[in-house]
Trainee: 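Here you go, one structure.
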Amino acid sequence: MTAMKLFAAPLQGYTEASFRHFHAEVYGTCGGAADVYYTPFVRIEHGEARHRDLNDTRSPLNGNHNVVPQIIAGSTDEFRLLADTLAADGHKARDLNM
């Protein structure tokens, strides 16, 4: 039998780094932490990656769980900018929403 995996979907305004950190901390002790926590969308604002989104993906509170940033882009240029920024930050996986 294959073990089931739990993926935590984001809810804008509620599931930022502090929520993910404490969820993993509390439920990890009883085996209920998610295998992957997805971030709310990282998007472009005023021609660059939105700082609020990057602060969330770069938070030291992400250290106790597997975090995957979600990208939402309206063009290939926006996509490249976001994907490259997150890759430079060390994220090996990104969820794409186009």
Trainee: Okay, side chain of Q70, backbone of P40: is any donor-acceptor separation there less than 3.5 Å?
Mentor: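 Between the backbone of P40 and the side chain of Q70 there is no qualifying donor-acceptor contact (under 3.5 Å).
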Trainee: Is it true that F41 and Y38 fall in one hydrophobic cluster, defined by side-chain heavy atoms closer than 4.5 Å?
Mentor: no
Trainee: Cluster question for you: counting only ILVMFWY and a side-chain heavy-atom cut-off of under 4.5 Å, with indirect links fine, are I71 and I44 together?
Mentor: yes
Trainee: Can any side-chain N or O of T85 pair as donor or acceptor with the backbone N or O of L81 at less than 3.5 Å?
Mentor: yes
Trainee: Would you compute the distance between atom CG of D84 and atom CG of D89 and round it to the nearest 0.5 angstrom?
Mentor: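 Rounded to the nearest 0.5 Å, the CG-CG separation comes to 11.0 Å.
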Trainee: Tell me if the CZ atom of F7 is crowded by more than 12 foreign heavy atoms within 6.0 Å.
Mentor: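 Enclosed: over 12 neighbouring heavy atoms sit under 6.0 Å from CZ of F7.
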Trainee: Hey, any chance I72 and Y37 share a hydrophobic cluster, counting ILVMFWY side chains that come within less than 4.5 Å of each other, even indirectly?
Mentor: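 No, it is not one cluster - the side chains of I72 and Y37 are not joined through contacts under 4.5 Å.
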Trainee: What heavy-atom pair brings V68 and A93 nearest, and what distance separates the two atoms?
Mentor: CG1-O, 3.9 Å
Trainee: Got a second to check how far D35's CG is from H65's NE2, nearest 0.5 Å?
Mentor: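 It is 12.5 Å, given to the nearest 0.5 Å.
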Trainee: With a 4.5 Å cut-off on side-chain heavy atoms, are V67 and T39 touching?
Mentor: yes
Trainee: Of D53, D95, L86, which meets side-chain contact (heavy atoms from CB on, under 4.5 Å) against P69?
Mentor: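 Of D53, D95, L86, side-chain contact (heavy atoms from CB on, under 4.5 Å) with P69 is met by L86 alone.
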Trainee: Between A24 and N64, what is the shortest heavy-atom contact and its length?
Mentor: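 Heavy-atom minimum between the residues: CB-ND2, 3.8 Å.
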Trainee: To the closest 0.5 Å, what do you measure between CZ (F79) and CZ (R94)?
Mentor: 7.5 Å
Trainee: Measure from the side-chain N and O atoms of N62 to the backbone N and O of A17, and report whether any donor-acceptor pair falls under 3.5 Å.
Mentor: no
Trainee: Measure from the side-chain N and O atoms of E48 to the backbone N and O of E45, and report whether any donor-acceptor pair falls under 3.5 Å.
Mentor: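 No, because the side chain of E48 does not come within donor-acceptor range (under 3.5 Å) of the backbone of E45.
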Trainee: Taking atom CZ of R50 and atom CG of N55, what is their separation to the nearest 0.5 Å?
Mentor: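 Separation between the atoms: 10.5 Å.
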Trainee: Going from NE2 on H91 to CZ on R58, what distance comes out if it is rounded to the nearest 0.5 angstrom?
Mentor: 8.0 Å
Trainee: According to a hydrophobic-cluster definition based on side-chain heavy atoms being under 4.5 Å apart (Ile, Leu, Val, Met, Phe, Trp, Tyr only), do V26 and F19 belong together?
Mentor: no
Trainee: Please lay out, stage by stage, how R20 and D56 fare under the test salt bridge (charged side-chain N to carboxylate O under 4.0 Å, His left out).
Mentor: CA-CA 10 Å; R20 297 188 305 267; D56 183 60; 3.2 Å; yes
